[in-house]
Enquirer: 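Could you have a look at this structure, given as structure tokens, before my questions?
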Amino acid sequence: MSSSQPFAAVDLGASSGRVMLARVGAGTLELQEVHRFPNRPVRVGGTLHWDVLGLYRGVLDGLRAAGAAAGGRLAGVGVDGWAVDYGLLDARGDLLGNPVHYRDARTDGAAEEVAAVLPPKELYAATGLQHLPFNTVYQLVAARDTPQFAAARRLLLVPDLVAYWLTGEAGTELTNASTTQLVDPRTRDWSPVVAARLGIDLDLFPPLRRPGDPAGHLLPEVLAETGLTGPVPVTAVGSHDTASAVLGVPAADGDDFAYIATGTWSLAGLELDAPVLTEASRAANFTNELGVDGTVRYLRNIMGLWLLQECLRAWEAQGDPQDLDALLAAAAAAPPLRSVVDAGDPAFLAPDDMPRRIAEACARTGQPAPRTPAEFARCVLDSLALAHRAAVEQAAALAGRTVRTVHVVGGGARNALLCQLTADATGLPVVAGPAEAAALGNALVQARAAGVVEGGRAELRELLRATQPLRHYDPSGDRAAWDRAADRFHGRTGRKEGGACA
């Protein structure tokens with residue numbers, strides 16, 4: 001192994017982007033945030049877009065900062081980000097308009113149109129992907145009659161688009177490609193049958209890349225813009241941020257663990273060697289996304305801390321801004337399990353007055369509506385903990401696995417109340433951290449590809465455990481109260497919990 005080397009991990013989230021400088025070597029894994037920038041969608045002409053050029057500017061600023069912190073030279077760059085959304089390029093490689101946000105309403109009705117051609121059971125059996133109204137196939141069906149789509153010669157998922165602008169070389173990274181609902185998780189390749197049935201031309205996508213594959217070098221114009229000394233290789237990482245985050249789970253080899261990657265979304269599930277494509281899995285709405293080193297991320301998408309973020313935004317707009325730390329302290333003292341909502345309800349998907357929608361959901365289910373910000377926050381966090389419990393237990397039952405530990409990574413790992421409530425709800429110990437799991441997983445793939453570190457997931461995770469601060473939460477409180485709340489909750493939603501947790 002070689003000595004410690006500096007790598008830039010570009011990590012694009014749904015609410016902010018960041019560039020992290022990772023110094024990686026034998027026994028060394030240090031992470032420094034060098035630049036963070038907002039990711040604010042823009043509504044134009046009734047359509048919600050991503051400001052992708054603003055994001056790219058943030059990436060360039062971040063690479064400049066990373067280079068300055070590393071003495072002007074980087075050993076590599078990797079890009080990860082959110083899933084499903086894409087940019088269309090014309091024959092010259094120019095972008096045909098800003099990518100549309102997955103929360104935009106343009107996909108309304110697209111799922112029914114797809115189902116008429118390819119029934120949900122057949123689509124799931126072929127791709128193993130959870131039904132979400134914004135999956136890429138629904139976006140493509142909704143967009144295929146537009147002028148931009150007619151002019152398109154190339155389609156790049158958002159992290160691949162950023163990597164293309166950095167290098168001039170186009171590719172489709174596999175972990176993110178698996179979220180398009182056009183990949184067969186058994187072959188880990190495109191499904192020509194699904195594409196043909198839906199009239200989607202797979203030639204729009206550049207060749208597939210796997211995590212660790214070379215993705216080019218920073219262009220001369222990028223080097224000039226960032227002040228970096230070339231050559232700087234760009235490596236394909238787990239470009240779906242959850243794929244990188246799951247690699248960043250500090251589980252011990254052979255550990256019976258579930259993970260919850262928390263942030264705007266909560267992605268809760270298991271790391272498997274093969275997909276689960278049963279009808280029971282489809283009915284429970286679990287997804288089989290591809291991970292690093294041939295793994296499958298068997299998980300459920302849960303609305304996540306978006307619910308609390310939107311409450312905070314609404315209160316600020318109403319002239320009642322809340323300090324998050326004080327709000328969480330007040331929520332911890334609020335009555336537990338007074339009201340809970342379904343964190344997977346599509347009613348919470350779009351940006352809007354979230355406190356009103358939560359109150360309406362409570363009223364529809366015969367529960368008292370929260371009245372104060374602390375009660376709203378407690379309702380959100382109790383609801384997320386119940387959703388985490390359901391996802392972990394159902395995933396274990398459907399996959400025939402036993403879960404003994406829950407790892408919480410991502411931004412929610414900093415939320416002590418959410419972590420404790422998740423331990424209480426599941427009845428399992430929770431290990432929280434690292435909060436920047438996606439950036440760490442990104443950097444570890446780069447470092448391994450460069451020969452700076454060696455080994456498989458077990459060795460990479462051993463390095464994580466040795467270098468990253470972790471916090472442990474043991475179950476406490478009234479377990480029977482959580483059981484009763486789960487019975488009430490799942491009686492209303494029609495969902496049932498599995499029973500394979502130890």
Side-chain angles (χ1 to χ4, degrees), residues 82-88 102 107 110-144 149 152-161 170-211 213 236 238-240 242-243 246 267 269 271-301 398-399:
W82 69 93
V84 306
D85 291 337
Y86 58 86
L88 296 173
Y102 61 80
T107 56
E112 291 77 13
E113 188 175 346
V114 168
V117 177
L118 192 57
K121 289 184 179 181
E122 293 183 37
L123 184 57
Y124 190 85
T127 66
L129 212 68
Q130 172 185 6
H131 170 74
L132 292 167
F134 47 72
N135 285 346
T136 310
V137 289
Y138 304 134
Q139 295 196 40
L140 294 176
V141 167
R144 63 188 173 192
F149 204 79
R153 296 298 178 266
R154 189 62 88 199
L155 183 153
L156 292 173
L157 297 166
V158 169
D160 295 326
L161 177 62
T172 307
E173 193 280 315
L174 181 62
T175 67
N176 218 359
S178 72
T179 71
T180 63
Q181 216 161 11
L182 290 167
V183 168
D184 185 329
R186 294 157 297 197
T187 65
R188 304 180 75 85
D189 204 344
W190 299 112
S191 173
V193 173
V194 170
R197 293 274 294 274
L198 298 179
I200 295 170
D201 182 4
L202 290 177
D203 287 340
L204 277 171
F205 294 88
L208 287 170
R209 294 169 172 158
R210 270 71 178 173
D213 285 351
S239 74
H240 186 340
T242 308
V246 171
L267 298 310
E271 183 178 70
L272 301 178
D273 296 325
V276 180
L277 301 175
T278 62
E279 175 59 17
S281 179
R282 184 193 71 83
N285 214 21
F286 275 84
T287 202
N288 293 270
E289 297 171 356
L290 299 182
V292 176
D293 289 356
T295 57
V296 172
R297 292 174 285 128
Y298 185 61
L299 59 89
R300 176 183 289 153
N301 284 264
L398 291 164

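Values below: all heavy atoms of this structure, side chains included; hydrogens, waters and symmetry mates excluded.
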Enquirer: Give a yes or no on whether the backbone of Arg300 and the side-chain of Asn285 come within a donor-acceptor separation of less than 3.5 Å.
Expert: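 Not at all, since once roles are kept as given, no pair shorter than 3.5 Å links the two residues.
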
Enquirer: Does any pair with a residue in residues 110-121 pass salt bridge (Lys or Arg N to Asp or Glu O under 4.0 Å), and if so which ones, sequence neighbours excluded?
Expert: Glu113-Arg144

Enquirer: Side chains of Val141 and Tyr138: closer than 4.5 Å at any heavy-atom pair?
Expert: no

Enquirer: Only counting residues at least two apart or in another chain, list the ones meeting salt bridge (charged side-chain N to carboxylate O under 4.0 Å, His left out) with Arg153.
Expert: none

Enquirer: Under 3.5 Å, side chain of Asn288 to main-chain N/O of Pro275, donor-acceptor pair present?
Expert: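 Not a single qualifying donor-acceptor pair exists.
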
Enquirer: I'd like to know if the side chain of Thr107 reaches the main chain of Ala110, judged simply by a donor and an acceptor atom lying under 3.5 Å from each other, with no hydrogens or angles considered.
Expert: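 No, because the side chain of Thr107 does not come within donor-acceptor range (under 3.5 Å) of the backbone of Ala110.
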
Enquirer: Just how far is it from atom CG of Asn301 to atom CZ of Phe286, taken to the nearest 0.5 Å?
Expert: 10.5 Å

Enquirer: For residues Leu299 and Thr242, report the shortest heavy-atom separation together with the two atoms involved.
Expert: CD2-CG2, 4.4 Å

Enquirer: Output every pair passing salt bridge (Lys or Arg N to Asp or Glu O under 4.0 Å) with a member in residues 281-294, not counting sequence neighbours, ordered by first then second residue.
Expert: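 Residue pairs with at least one partner in residues 281-294: Glu279-Arg282, Glu289-Arg297, Asp293-Arg448.
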
Enquirer: First locate atom OG1 of Thr127, then atom CG of Asn135, and finally report the distance between them rounded to the nearest 0.5 Å.
Expert: 8.5 Å

Enquirer: What residues, two or more places apart in sequence or in another chain, satisfy ring pair (Phe, Tyr, Trp, His ring centres under 6.0 Å) together with Tyr86?
Expert: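 Listed in chain order: nothing, the list is empty.
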
Enquirer: Apply side chain to side chain donor-acceptor pair (under 3.5 Å) to Glu173 and list each qualifying residue two or more places apart in sequence or on a separate chain.
Expert: Thr175, Ser239

Enquirer: Show the nearest heavy-atom pair for residues Ala177 and Val183, with the distance to one decimal.
Expert: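 Smallest heavy-atom distance, with atoms named: O-CG2, 3.5 Å.
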
Enquirer: Applying side chain to side chain contact (heavy atoms under 4.5 Å, CB included), can you list everything that pairs with Ala115, at least two apart in sequence or on another chain?
Expert: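 Scan of Ala115 (side chain to side chain contact (heavy atoms under 4.5 Å, CB included), adjacent residues dropped) gives Pro120.
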
Enquirer: Side chains of residues 188-198: which donor-acceptor pairs under 3.5 Å do they make with residues two or more places apart or in other chains?
Expert:
| from | atom 1 | to | atom 2 | distance (Å) |
| --- | --- | --- | --- | --- |
| Arg188 | NH1 | Gly294 | O | 3.4 |
| Arg188 | NH1 | Thr295 | O | 3.1 |
| Arg188 | NH2 | Gly291 | O | 3.1 |
| Ser191 | OG | Val194 | N | 3.3 |
| Arg197 | NH2 | Val117 | O | 3.1 |
| Arg197 | NH2 | Glu122 | OE1 | 3.2 |

Enquirer: For residues Pro185 and Leu277, report the shortest heavy-atom separation together with the two atoms involved.
Expert: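 Where Pro185 meets Leu277 most closely, the heavy atoms are CG-CD2, 4.2 Å.
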
Enquirer: Which value, rounded to the nearest 0.5 Å, describes the distance between Leu208 atom CG and Asn176 atom CG?
Expert: 11.5 Å

Enquirer: Not counting sequence neighbours, which residues clear side chain to side chain donor-acceptor pair (under 3.5 Å) with Asp85? List them please.
Expert: Trp50, Trp82, Gln139

Enquirer: How far does OG1 of Thr287 sit from CG of Leu267, to the nearest 0.5 angstrom?
Expert: 9.5 Å

Enquirer: Answer yes or no: is there a side-chain heavy-atom contact under 4.5 Å between Leu157 and Thr180?
Expert: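 With C-beta onward as the side chain, the pair touches.
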
Enquirer: What's the shortest heavy-atom distance between His131 and Ala111, and which atoms?
Expert: CE1-CB, 3.6 Å

Enquirer: If I take atom CZ from residue Arg209 and atom OG1 from residue Thr172, how far apart are they, to the nearest 0.5 angstrom?
Expert: 8.0 Å

Enquirer: State, yes or no, whether a side-chain contact exists between Tyr298 and Leu398 at a heavy-atom distance under 4.5 Å.
Expert: yes

Enquirer: Going by side chain to side chain contact (heavy atoms under 4.5 Å, CB included), name the residues that satisfy it together with Leu204, two or more places apart in sequence or in a different chain.
Expert: Phe149, Ala152, Leu155

Enquirer: Only counting residues at least two apart or in another chain, list the ones meeting side chain to side chain contact (heavy atoms under 4.5 Å, CB included) with Ala170.
Expert: Leu156, Tyr164, Pro206

Enquirer: Return the set of residues passing ring pair (Phe, Tyr, Trp, His ring centres under 6.0 Å) with Tyr124 (not counting sequence neighbours), or none when no residue passes.
Expert: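 Partners of Tyr124 under the ring pair (Phe, Tyr, Trp, His ring centres under 6.0 Å) test: none.
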
Enquirer: Check whether any side-chain heavy atom of Leu129 lies under 4.5 Å from a side-chain heavy atom of Val137, and answer yes or no.
Expert: no

